[in-house]
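First listed ligand is number 1; within each ligand, the first listed atom is number 1.
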Amino acid sequence: MRPLEIKKDVFWVGAVDWSGRDFHGYSLSPLGTTYNSYLVKDEKTVLFDTVKAEFKDQFLCALAQALGEAKLDYIVASHLEPDHSGCLPDLVEALKPEKIFCSPMGEKAMKAHFHYRDWPVEVVQSGSELSIGRRSLRFLETRMLHWPDSMFTYIPEDELLISNDAFGQNWATSERFADQVDPSTLKRAMTEYYANIVLPFSSVVLKTLDQVRDLGLRVDMLCPDHGLMFRGPDVAMALDAYRDFALQRPEKKAVIVFDTMWRSTEKMALALADGLADGGVGVRVMSLKANHHSAVMTEVMTAAAVAVGSPTHNNGVLPLVAGMLAYMKGLRPRNKLAAAFGSFGWSGESVKVITEWLESMGMDVVGPGLKVRHVPEHRDFGQCYDLGRELGRAIVEKVESKA
Ligand code: FEO
């Protein structure tokens, strides 16, 4: 892999994972990802993060070219998740850095991951500064964005902010900067990444954005540990996008997500969609057989409402629906309306089970849960349509009251 000089004596030295398809259940298909690492050459030479262990060869090749004759003095471990720390033991062994800097929680995570005895680890406090020659490094702890150990580093002389996982996108590219790629694909990748990784930590995002503003940090280049980097006007675009994501402002949009056994629940979903659409609401109808739960979650993040459907199966819901509800709950979407529906044969528990899940997420469930025995007929479609209209009215009211 070739390194890229992104500012004078500052290099991208990461690895591109063209074939990565899964990150803890978040589907990376079809875009893959990158693991970004950064090298700064000054009186002290500093490496920020490493890459996933499987990509060691790509990474070491780029790092060796960027280092040239220089010695690696310091490593900053911004986050110990193995996609960024996977090559740390090999680097420590081979290059014997003078110091490894991390946050207070980073030290605990590093010990628990690597069980080292004599690594030269030094904990840095949030707000502390370290001179490396012409430049200084300012550390900003970003605990729970998205792990307890996470931290940013700001380099004022370069107006450069290394943000670890924040502002990332899972997108394998040959381009390195946001201004080199299609803006709508980039926005989609940012949205998907936020919805599936960062969403539960939205309050930390808002606090961090306020800190960056209140500290008066001038950022000319924003360097996340995944995907494209942002420079010039794209920095403000990325910061603004994160504020929008974190605020979870509902759009006039509903997601209908369901699985179906003999298509009765699917037919109910389509009638519900008609009611919503006739109420002036955008609808995404997402069968879980056709859509991965992370694609559903990307749509749910910006929608005002989610309607979940499942036939009753073994006194509960179908497995794909159970998985979807568990995944959604973990990501803690806020400020949503909801509805539940589904067909049944004899016992009919699915709608109750779904409603309990939705309420446990703090969602405001609209209307009665709709149940249809075996196969819906004309009257049932009317009830589904009416529920769609009722949910649509609630969505319009909710969105317009926030306008
Ligand atoms: Fe990209 Fe939290 O790892």
Side-chain angles (χ1 to χ4, degrees), residues 1 12-29 31-38 47-56 58-59 62 75-89 91 100-114 139-153 161-173 176 178 186 189-205 208 222-230 238 242 245-246 294 297-298 327 330-332:
M1 197 83 219
W12 175 92
V13 288
V16 181
D17 182 357
W18 296 98
S19 305
R21 290 293 179 267
D22 175 75
F23 185 77
H24 317 332
Y26 160 18
S27 170
L28 309 182
S29 182
L31 297 179
T33 193
T34 69
Y35 312 107
N36 299 337
S37 170
Y38 301 97
L47 181 74
F48 293 83
D49 300 321
T50 73
V51 306
K52 202 172 178 180
E54 296 94 294
F55 294 84
K56 185 174 77 174
Q58 273 191 49
F59 167 61
I75 296 174
V76 175
S78 312
H79 174 34
L80 273 298
E81 191 157 16
D83 50 338
H84 307 296
S85 68
C87 295
L88 197 51
L91 274 190
I100 305 168
F101 297 99
C102 63
S103 69
M105 296 304 282
E107 184 185 33
K108 291 184 180 172
M110 198 156 5
K111 277 187 180 147
H113 274 86
F114 300 116
F139 301 108
L140 181 64
E141 189 177 20
T142 54
R143 196 177 287 205
M144 295 319 298
L145 183 55
H146 70 129
W147 272 23
D149 56 336
S150 304
M151 69 174 185
F152 289 3
T153 305
L161 183 65
I162 296 171
S163 61
N164 189 248
D165 276 329
F167 307 103
Q169 329 93 49
N170 285 317
W171 188 4
T173 53
R176 295 284 155 258
L186 174 70
M190 290 174 71
T191 308
E192 186 180 274
Y193 182 99
Y194 192 98
N196 287 280
I197 295 179
V198 188
L199 188 61
F201 313 107
S202 290
S203 60
V204 187
V205 169
T208 304
L222 177 59
C223 298
D225 274 6
H226 295 284
L228 287 307
M229 295 170 275
F230 303 90
Y242 258 49
F245 295 154
S294 47
M297 203 54 221
T298 305
Y327 187 74
L331 289 165
R332 289 186 243 152

Donor-acceptor pair, S294 side chain versus S27 backbone, under 3.5 Å?
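Judged by distance alone, yes, a pair lies under 3.5 Å.
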
Are W12 and M1 packed together at the side-chain level, in the sense that at least one heavy-atom pair is separated by less than 4.5 angstrom?
yes

Can the ring centres of F245 and Y194 be said to be less than 6.0 Å apart?
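Yes.
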
Please tell me whether F167 and Y242 form a close aromatic pair, meaning their ring centres lie under 6.0 Å apart.
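Between F167 and Y242, the centre distance is under 6.0 Å.
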
By side-chain hydrogen bond (donor to acceptor under 3.5 Å, both in side chains), which residues pair with T153, not counting sequence neighbours?
none

Reported OG1-to-OH distance for the pair T33 and Y26, which is rounded to 0.5 angstrom
7.5 Å

Atom of H146 closest to atom 2 (Fe) of ligand 1, considering N, O or S atoms:
NE2

Excluding water, the protein N, O or S atoms sitting under 2.8 Å from atom 1 (Fe) of ligand 1 are D83 OD2, H84 NE2, D165 OD1, H226 NE2

